[in-house]
2 protein chains.
Amino acid sequence: MSFKPSAISPWDKWLEMPAAPFNMAELKAARARQMQLTKPPGSLGDLEGIAIRLAAMQGTQQPELARARIVVFAADHGIAAEGVSAFPQEVTGQMILNFARGGAAISVLARSLGATLEVVDVGSVANSGAMAGVVVQKAASGTANFRHGPAMTEKQLAAALQAGRDAAERALRDDAQLFIGGEMGIANTTAATALACALLGRAASEIAGPGTGLDVAGVARKARIIDEALELHRAAITSPLEALRHVGGFEIAALAGAYIACAQMGLPVLVDGFIASAAALVAMQIRPDAPNWWFYGHASAEPGHVHLMQALDARPLLTLGLRLGEGSGAAVALPVLRLAAALHGQMATFGDAGVSQ
Amino acid sequence: MSFKPSAISPWDKWLEMPAAPFNMAELKAARARQMQLTKPPGSLGDLEGIAIRLAAMQGTQQPELARARIVVFAADHGIAAEGVSAFPQEVTGQMILNFARGGAAISVLARSLGATLEVVDVGSVANSGAMAGVVVQKAASGTANFRHGPAMTEKQLAAALQAGRDAAERALRDDAQLFIGGEMGIANTTAATALACALLGRAASEIAGPGTGLDVAGVARKARIIDEALELHRAAITSPLEALRHVGGFEIAALAGAYIACAQMGLPVLVDGFIASAAALVAMQIRPDAPNWWFYGHASAEPGHVHLMQALDARPLLTLGLRLGEGSGAAVALPVLRLAAALHGQMATFGDAGVSQ
């Protein structure tokens, strides 16, 4: 399936704004500098291209990513009622609390990396307003079950996209130099898989995976439910935004909104694994220039991820078998970007060091 | 070619000492703990196994690698006279100075990672004694050209192995929790390739690569020179140590000595790319239990590396196209080990966090 550019209605006017331009003078200077650093040309591999992009993004030959912001968007899914997850729905709210209290994987990673962590409840069924350290900006208390109808209304979709944009703006206001978006939501690999199938024109059997731990029969059942739902919504899915509205989720929409807003504001993004990449794909189909500002952290163990990476023309930095979500794969990759930046800015040139070329 | 265990003469008696044992109680406790942390079982991928090994190595459920030591061993190679490198031999000494002054890639990485960096001149032709911040422990001023005879004498081999062991002991004395060995030496991919061919029983054409930047014709010439040299030394290469002595290099021997000593002392090692892996392979053939203590940082872009990784049964953490040496690939991988340790020690359990399983 391929899409025409999204039909723009007033509420999504901001999605039309182009991505920020790169500093092309610094890009050129960075390419030249890489050839002068005391190493054989090309011997730092992918780190060289990363540093060149960061120099162009930040407009400096001393790029840095000391201040990173990690935002975990959490939401619930009506499709969870179909038994597509190995965990019960109450876990979404329990994990929101665990994020905020510092016990979750992404909490530990953020602390270890000196990154700020923000938890945004963009639509859980839990009473997260009573939890300290949680930004509550719900599009609704969970999506509708997309086996029977659209996952969300247009108004709810607008609210979820806006929640992502707001988080990106807070990150920029707090002087963040990099944005990592994570997600949590029981049954959200099902929503992400359905969205990926709609955007890629593939059957669910090509994309569906175990998520948090389904067995083979469970994956087959999940794929069947997704295919049936896609059949139900086929005529209505006339644009990327309509795909997101019919079979996506609030945290997926928030990620897409954040990725687009970051690109518009010139804030580099490190995209996480399977679910985040489904959000990135819909964001790219809405704003084709946005991916200029994105890096990809980790190749998910979820089998459909490779198709998303191909569609995004993305090569993830790491392949460590993670399949947790929360932004964890991107967080583990953050040091690679930081080190690439440090090498670019701080290595001696052949001239400085008196080394023969 | 396969080898019998090395014939042990008095000077290499220390190589016979077994590797330190793991703490098996903590290993078992770590496996159980991973199943209790607030994540789907297995969802942290390779980070889980890393953390379990680190817990067993350090004897604690709060493993950490805050204090890392990076040692770059530098030396020159007689084989450089055959024109097998894209750079002149004087660059070895120039780079030793660059390491010590903080301008080289590994200097920047060490600083960024908060790791201590030590530069050991184990056999350059340069007057490195006049350079501040360099440990000078030369086996000789460069190896002999192994196209015409053995690269080193038995006494020189013993000295180079000992230089590695001494560096490992200094790291332990300074309370290091992890050892990264790097290397620098013009023409040392030629020595490492010859050593790998001897140890793996492969032709040079299967292993030789561009090193710092040879073209196709240069690689073919390098392979021919190596094959001729291996033919010359074939009868004399009766053990891993004799392979190392006839076609290796001082920095390669020092790395092998350091890797063995670290395993004997129970100090975890993060092995770097192609040349370091050739050193690791000879070290494994000398001390088959030593690899218990090793992690592998990076899959080198040098084409022979995959054969070394197979022989070592190793899966490198990163694949970022680096081919610089200096310990740089291992250094870039260090944060992965640190984050694996932090996740293991600091995440909440299902019970702690009140999350449903």
Side-chain angles (χ1 to χ4, degrees), chain A residues 37-48 86-88 90-91 94-95 97-98 101-105 107-109 111-113 211-213 298 301 317-326 328-329 331-332 334-336 338-340 342-343 345-349 352-357, chain B residues 37-48 86-88 90-91 94-95 97-98 101-105 107-109 111-113 211-213 298 301 317-326 328-329 331-332 334-336 338-340 342-343 345-349 352-357:
Chain A
L37 299 177
T38 47
K39 59 178 176 57
S43 63
L44 284 174
D46 299 341
L47 303 186
E48 300 188 3
F87 285 82
E90 70 206 37
V91 168
Q94 292 166 347
M95 284 302 295
L97 196 57
N98 198 24
R101 285 185 178 165
S107 319
V108 174
L109 292 171
R111 214 155 52 225
S112 299
L113 294 163
T212 51
H298 183 271
L317 294 166
L318 306 180
T319 305
L320 292 167
L322 275 69
R323 50 178 176 82
L324 175 59
E326 302 181 5
S328 57
V332 176
L334 170 56
V336 175
R338 284 178 167 169
L339 293 171
L343 287 162
Q346 298 175 34
M347 277 181 71
T349 63
D352 293 341
V355 173
S356 309
Q357 262 182 287
Chain B
L37 299 177
T38 46
K39 58 177 175 61
S43 63
L44 284 174
D46 299 341
L47 303 186
E48 300 188 3
F87 284 82
E90 70 207 38
V91 168
Q94 292 166 348
M95 285 300 297
L97 196 56
N98 198 24
R101 285 185 177 165
S107 318
V108 174
L109 292 171
R111 214 155 54 224
S112 299
L113 294 164
T212 51
H298 184 271
L317 295 167
L318 306 181
T319 305
L320 293 167
L322 274 70
R323 51 178 176 80
L324 176 60
E326 303 182 4
S328 57
V332 176
L334 170 55
V336 175
R338 284 178 168 171
L339 293 171
L343 287 163
Q346 298 174 35
M347 276 180 73
T349 63
D352 293 341
V355 173
S356 309
Q357 261 181 287

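Just so it is clear: chains get the letters A, B, ... in the order the sequence lines come, proteins before strands, and each one is counted from 1.
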In Å, rounded to the nearest 0.5 Å, how long is the span from [atom1] of [X] to [atom2] of [Y]?
X      : Y      : atom1 : atom2 : result
A/L109 : B/L343 : CG    : CG    : 4.5 Å
A/L113 : B/R338 : CG    : CZ    : 11.0 Å
B/L322 : A/D46  : CG    : CG    : 8.0 Å

Please name the pair of heavy atoms, one in [X] and one in [Y], separated by the smallest distance, quoted to 0.1 Å.
X      : Y      : value
B/R323 : A/P40  : NH1-CB, 4.5 Å
A/A105 : B/M347 : N-CE, 3.6 Å
B/L339 : A/P335 : CD1-CG, 4.4 Å
A/N98  : B/A353 : OD1-CB, 3.6 Å
A/A104 : B/T38  : CA-OG1, 4.2 Å
B/L324 : A/K39  : CD1-CB, 3.8 Å

Side chain from CB out, backbone as N, CA, C, O: work out which of these in [X] comes under 4.5 Å of a heavy atom of chain B, or both, or neither.
X      : value
A/L318 : side chain
A/E48  : neither
A/A301 : neither

Sequence neighbours left out, what passes side-chain hydrogen bond (donor to acceptor under 3.5 Å, both in side chains) with B/S107? Give chain and number order.
none

Can you list everything that forms a side-chain hydrogen bond (donor to acceptor under 3.5 Å, both in side chains) with A/E90? Sequence neighbours excluded, please.
B/S356

Beyond-backbone contact of B/T319 with A/T319, side-chain heavy atoms, under 4.5 angstrom
no

Check whether B/L317 gets within reach of chain A through its side chain, its backbone, both or neither, counting any heavy atom under 4.5 Å.
both

Where on B/V355 is there a heavy atom nearer than 4.5 Å to chain A: the side chain, the backbone, both, or neither?
both

Just so I understand: if I count every heavy-atom pair under 4.5 Å between each of A/S43, A/G211, A/G103, A/P41 and chain B, which residue has the most?
A/S43

